[in-house]
Amino acid sequence: MGPDRVHILMGVRDGAAHLPDQLASIARQRGVAWRLTCSDDGSRDVSRAIIKRFAEVRREHVTLLHGPRAGFAANYLRLIASLPCDPGAVALSDQDDIWMPGKLDRALGRLSQVRGGRPALYAARRWAWDGADHLRRGSDRRVRDAGFRNALIENIAPGNTIVLNAAAARLVRDMAARAGPVFAHDWWLYLLISGAGGAILADPARVLLYRQHGANAIGARCGLGAQIARKRAVLRGAFRERMDGNIRAMRNCAASLTEENRALLERFAAARQACGAVRLARLHAIAPYRQARRGSAAFWGAAALGRV
């Protein structure tokens, strides 16, 4: 990557309303050289024109690609697969947030503490923000260690906060084309890097404004209505489908997992297929966990109903 220290990957689709703010916040990053690759996934607005204008000022730092038009996760996997042979550190960016000025420098400082060529994923917290009245809502506090048993049933690595060291970037580049369809690229990254024995650096700091609006791909949904909607989705089988996709993707990337985590993955897959009390007993023996008690209770409730 020459003098650049961080390669930023941004998936784009119809982001014109908020792209200028996000691009400006990237340009304001302190103490870090960067390059940006955007993958436009079929925008019908002027997103491409905005990126091209931004690139005119920083021509050597900005690349604009065409996405696969298969959803946001596929767009990011394509971006990851297109990384160069020596990608250096890699950061992911949404199109509609605002980064704090020291976001990248803070991440690189944490990642520099990981030695010996070990893959490492940095992730942080964020402020949920509606972009209008400047009210901010903090994300949940993480109370348990990150790891593969957590990643099996929960993602604690929001994509818009993720930064990978060079070893992790090479690993995920090599695996991205093999993974197949996944529900969310950031969850896949958490699974793959923790499953490969990499370091997961969960920073308690909030490093960006996570803009909430009607077009969020996922969003920071909260409140009673959001909780009811999530429970209905679980009952319809949405969570089980996500588990199915994650397991397929990890099996496709099994060569990168540690022997212990390959075995754990297969035990988890088999336990999900068991019936009733046997299913619960086998899952309990594996000991997957979520960060919050309420989340853990929701998982075991879904497991009792055969919806995991």
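Quick note: residue numbers are just sequence positions, from 1.
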Quick check: do N246 and M243 have side-chain heavy atoms less than 4.5 Å from each other? yes
pair D40-I51: side-chain heavy atoms closer than 4.5 Å: no
Flag if over 12 foreign heavy atoms under 6.0 Å of CZ, R178: no
L280, L264: one ILVMFWY side-chain cluster at the under-4.5 Å cut-off?
yes
Discussion item. Check whether R307 reaches the backbone of L305 with its side chain - one donor and one acceptor, N or O, closer than 3.5 Å.
Written reply: yes
The reported gap from CG in L265 to CG in L152 (rounded to nearest 0.5 angstrom) is 7.0 Å
query: Mind checking whether Y289 and L283 sit in one hydrophobic cluster, side chains of I, L, V, M, F, W, Y counted as touching below 4.5 Å?
result: no
When rounded to the nearest 0.5 Å, the distance separating CD of E56 from NZ of K52 is 9.5 Å
After noting the C-alpha distance and the side-chain angles of M100 and W127, does the key distance pass the side-chain contact (heavy atoms from CB on, under 4.5 Å) rule?
CA-CA 11 Å; M100 304 304 188; W127 293 104; 3.8 Å; yes
For A176 and I80, the nearest pair of non-hydrogen atoms, with its separation, is CB-CG2, 3.9 Å
- Going by heavy atoms in the side chains, are I26 and S93 under 4.5 Å from each other? yes
Of all heavy-atom pairs linking R13 and D41, the shortest is NH1-O, 2.8 Å
Residues 85-122 vs ring pair (Phe, Tyr, Trp, His ring centres under 6.0 Å), sequence neighbours excluded, gives none
Interatomic distance, CD1@I162 vs CG@L201, rounded to 0.5 Å, equals 11.5 Å
After noting the C-alpha distance and the side-chain angles of F268 and R149, does the key distance pass the side-chain contact (heavy atoms from CB on, under 4.5 Å) rule?
CA-CA 10 Å; F268 180 71; R149 280 182 166 83; over 6 Å; no
Practice prompt. Return the orientation label for the H284 and W300 ring planes: parallel under 30°, perpendicular over 60°, tilted otherwise.
Written response: tilted
Any side-chain heavy-atom pair from L65 and C38 closer than 4.5 angstrom? no
Can you check whether L36's main-chain N or O pairs, donor with acceptor, with H7's side chain at less than 3.5 Å?
no
Any ion pair linking R251 and E266 (charged N to carboxylate O, less than 4.0 Å)? yes
Across all chains, not counting sequence neighbours, the ring-ring contact (aromatic ring centres under 6.0 Å, His included) partners of Y76 are H185
Heavy-atom closest pair (M10 atom, D94 atom, distance to 0.1 Å) is CE-O, 3.8 Å
Quiz item: Quick check: does any side chain N or O of Q22 sit under 3.5 Å from a backbone N or O of P20, one acting as donor and the other as acceptor?
Solution: no
Q. Are side-chain heavy atoms of R30 and L104 found at a separation under 4.5 Å?
A. no
Donor-acceptor check, side chain of R272 to backbone of R240, threshold 3.5 angstrom: yes or no?
yes
- Side-chain contact, heavy-atom cut-off 4.5 Å: I153 with R290? yes
Those residues at least two apart in sequence (or on a different chain) that pass side chain to side chain donor-acceptor pair (under 3.5 Å) with N150 are E154, Y190, Q291
Value for CD (Q273) from CZ (R282), rounded to nearest 0.5 Å, stands at 11.0 Å
Residues 161-171 vs side-chain hydrogen bond (donor to acceptor under 3.5 Å, both in side chains), sequence neighbours excluded, gives none
Of all heavy-atom pairs linking I193 and A199, the shortest is CG2-O, 4.2 Å
Nearest heavy-atom approach of A303 to V308 is N-CG1, 3.6 Å
Here the side-chain hydrogen bond (donor to acceptor under 3.5 Å, both in side chains) pairs for residues 103-113, sequence neighbours left out, are R106-D203
So SG of C253 and CZ of R248: to nearest 0.5 Å the spacing works out to 13.0 Å
For S39, the side chain to side chain donor-acceptor pair (under 3.5 Å) test, sequence neighbours excluded, returns N75
Scanning both residues in full, the closest heavy-atom pair of A91 with V163 reads CB-CG2, 3.9 Å
How about L208 and I98: do any of their side-chain heavy atoms sit closer than 4.5 Å?
-> no
So, does R206 use its side chain to make a donor-acceptor pair with the main chain of R125 at under 3.5 Å? no
task = Determine whether V90 and V6 make a side-chain contact, defined as any pair of heavy atoms from C-beta on separated by less than 4.5 Å.
result = no
Please check: side-chain N/O of S47 versus main-chain N/O of G15, any donor-acceptor pairing under 3.5 Å?
yes
d(I200 CD1, I156 CD1) to nearest 0.5 Å is 7.5 Å
Could you walk me through whether L108 and R5 satisfy the side-chain contact (heavy atoms from CB on, under 4.5 Å) test, starting with their C-alpha distance in whole Å, then the side-chain angles of each, then the deciding distance to 0.1 Å, before giving a yes or no? CA-CA 9 Å; L108 289 182; R5 292 178 58 197; 3.4 Å; yes
Worksheet item: For R58, does the CZ atom sit with more than 12 other heavy atoms under 6.0 Å from it, leaving out its own atoms?
Response: yes
Are R211 and W129 in a cation-pi contact, defined as NZ or CZ under 6.0 Å from the six-membered ring centre and within 45° of the axis? no
Checklist line | Backbone of P84 reached by a side-chain donor or acceptor of R173 within 3.5 Å | finding: yes
- prompt: Donor-acceptor pair, Q29 side chain versus S25 backbone, under 3.5 Å?
  reply: yes
Quick one: do D97 and R126 make a salt bridge, cutoff under 4.0 Å? no
